[in-house]
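See below for the structure under consideration.
Note that the coordinates shown come from a computational prediction; the quantities given were computed from them, not determined experimentally. Below, chain A is the first sequence line, B the second, and so on; all start at residue 1.
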Amino acid sequence: MGRVVAIAVERAGPRVAAPEQPGATGGGPLLPAQLLQEWYAANGRHSLPWRLTRDAYAVLVSEVMLQQTQVARVLPYYTAWLRRWPTAAALSGANTADVIRAWAGLGYNRRALYLHRAAVAVMAAGGTMPANEAGLRALPGVGPYTAAAVACFAGEQRAYVADTNIARVLARALLGVAGPREASAAGVRAVGEASLPAVAAREHNLALMDLGAAVCGVRSPACERCPLSEGCAWRAAGYPVGARPARRLPRFETTARFARGRIVDALRGHAALPEHELAERLPGVHAAKLAAYLAALEDEGLIERCGHGWALAGQGSTSMASPKL
DNA sequence: AATTCGGGGAG
DNA sequence: CTCCCAGAATT
């Protein structure tokens, strides 16, 4: 991608960019875009597979997989998924059970359903993936972040993209607080939008994202390696700490999340299972709630009744499967 | 505004 | 052990 390099060497501005550059919008704090792009050219993760394509479907797959999930864990899933379902048309023809099985290990299983339903919706609407925020936002499982990300990374549109990393960098560098929780979402958005460059917003957003992941970590800001440190408001303020949520988490094995994950994963390995066999795979504390878990999973479209037992939804192609138990 | 929804790995 | 991760949907 010669484009990135070209941007980085476009102009040799002042080495230390002033945090506030007069004349942009309202005069709020801005990012030193030049330094940021130079850092990105040298340190960005340019070879991530979803950054090497502009295919909106492929980018959507990556973004949904990346929701609350680390890059390293998504990589093998992304590759396998696109090999199996290279297009929205291909995915729309898959059965639900196969899609849920392909998701094994990623967590938040509803994301697999959303992705499948999004593909079906795209095909129903003519077969062309939307590349603008509004069209993307209408797809299931696509919220403000994912819509902006796909529009920007695939459609190369000038969108304000705010994942957890970007929001943290903006909150620190421009607002002087520890993170987005210590600022209003509108405040972060205001400085983020004001800092969006007129061109190459894609590289701008990717740079902020990589910076947040590699340098400006939640617990470990490496300011000595940060291109924004000179004008960083958080650093200048002496690194004020953020408030702690301070919430006691119950043992994971006792949570509904654990039970639901176990249930779905058990059904991944079998065509169908009777309810008592599902109960055997759960700690006793869940016995009284098993029926409620199953009802919720059924309502969400992850599982379905199969005779006297349960199976992954859509097990037998698209037709109403005959009872197997 | 608060909750719920998985699972793995870093610290 | 706790915390965090390229969030979204629901209440």
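- Residue A:Tyr293 is classed as having no contact, given no heavy-atom separation below 4.0 Å to the nucleic acid.
- No engagement by A:Ile166 is indicated, since no non-hydrogen atom pair under 4.0 Å with the nucleic acid exists.
- In the hydrophobic clustering, where aliphatic and aromatic side chains (Ile, Leu, Val, Met, Phe, Trp, Tyr) are joined below 4.5 Å either directly or transitively, A:Phe252 groups with A:Phe258.
- Hydrophobic clustering, with ILVMFWY side chains joined whenever heavy atoms are under 4.5 angstrom apart, keeps A:Met129 apart from A:Val120.
- The ring pair (Phe, Tyr, Trp, His ring centres under 6.0 Å) contacts involving residues 119-147 of chain A comprise nothing, where partners must be two or more places apart or lie in separate chains.
- Side-chain N/O atoms of A:Gln67 include none lying less than 4.0 angstrom from OP1 or OP2 on C:dG7.
- A:Tyr239 belongs to a hydrophobic cluster with A:Trp234, counting contacts under 4.5 Å between side-chain heavy atoms of Ile, Leu, Val, Met, Phe, Trp and Tyr, direct or through other members.
- Among C:dA6, B:dG6, C:dC5, the nucleotide with an atom closest to any side-chain atom of A:Trp50 is C:dA6.
- Pairs of residues two or more places apart, or lying in two chains, that qualify as ring pair (Phe, Tyr, Trp, His ring centres under 6.0 Å) and include a residue from residues 261-292 of chain A are A:His286-A:Tyr293.
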Would you be so kind as to tabulate the donor-acceptor pairs closer than 3.5 Å made by side chains of residues 188-199 of chain A, with sequence neighbours excluded?
from     : atom 1 : to       : atom 2 : distance (Å)
A:Arg189 : NH1    : A:Glu193 : OE2    : 2.5
A:Ser195 : OG     : A:Leu31  : N      : 3.4
A:Ser195 : OG     : A:Val191 : O      : 2.9

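- Considering only side-chain N and O atoms, A:Thr146 lies under 4.0 angstrom from the phosphate OP1 or OP2 of C:dA8.
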Protein-nucleic acid N or O pairs under 3.5 Å, nucleotides 9-11 of chain C:
from  : atom 1 : to       : atom 2 : distance (Å)
C:dA9 : OP1    : A:Gly141 : N      : 2.8

Close N or O pairs between protein and nucleotides 8-11 of chain B (under 3.5 Å):
from  : atom 1 : to      : atom 2 : distance (Å)
B:dG8 : N2     : A:Gln70 : NE2    : 2.7

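- For the pair A:Leu136 CG and C:dG7 P, the computed distance is 17 Å after rounding to whole Å.
- For the P atoms, the distance linking C:dA8 with B:dG8 amounts to 23 Å, nearest Å.
- For DNA chain B, the neighbouring residues in residues 251-269 of chain A, judged by any heavy atom under 4.0 Å, are A:Ala256, A:Arg257, A:Arg260, A:Gly261.
- Rounded to the nearest Å, the gap between the P atom of C:dA6 and that of B:dC5 is 22 Å.
- Across every non-hydrogen atom of A:Val74 and A:Met65, the tightest pair is CG2-O, 3.4 Å.
- If you measure from atom CH2 of A:Trp103 to atom P of B:dC5, you get 18 Å, rounded to the nearest angstrom.
- Look at CE on A:Met209: it is 13 Å from P on C:dC5, rounded to the nearest Å.
- Residue pairs that meet the ring pair (Phe, Tyr, Trp, His ring centres under 6.0 Å) test with at least one member in residues 57-92 of chain A, sequence neighbours left out, are A:Trp50-A:Tyr78, A:Trp81-A:Trp85, A:Trp81-A:Trp103.
- Contacts of A:Thr69 with the nucleic acid, taken as non-hydrogen atoms under 4.0 Å apart, include base atoms.
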Distance-only criterion, 3.5 Å: show the donor-acceptor pairs between side-chain atoms of residues 159-178 of chain A and protein atoms not counting sequence neighbours.
from     : atom 1 : to       : atom 2 : distance (Å)
A:Asp163 : OD1    : A:Asn165 : N      : 3.4
A:Asp163 : OD1    : A:Ile166 : N      : 2.8
A:Asp163 : OD2    : A:Asn165 : N      : 3.3
A:Asp163 : OD2    : A:Asn165 : ND2    : 3.3
A:Asn165 : OD1    : A:Arg168 : NH2    : 2.8
A:Arg168 : NE     : A:Cys216 : O      : 2.8
A:Arg168 : NH2    : A:Gly212 : O      : 2.8
A:Arg168 : NH2    : A:Cys216 : O      : 3.2
A:Arg172 : NE     : A:Ala178 : O      : 2.9
A:Arg172 : NH1    : A:Cys216 : O      : 3.4
A:Arg172 : NH1    : A:Gly217 : O      : 2.9
A:Arg172 : NH2    : A:Gly217 : O      : 3.3
A:Arg172 : NH2    : A:Val218 : O      : 3.0

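- The distance between atom CZ of A:Arg181 and atom P of C:dC5, rounded to the nearest whole Å, is 11 Å.
- Rounding to the nearest 0.5 Å gives a distance of 11.0 Å between CG of A:Leu228 and CZ of A:Arg235.
- Cluster partners of A:Tyr108, using a side-chain heavy-atom cutoff of under 4.5 Å among ILVMFWY residues and allowing indirect links: none.
- Under the side chain to side chain contact (heavy atoms under 4.5 Å, CB included) criterion, A:Asn43 pairs with A:Trp39, not counting sequence neighbours.
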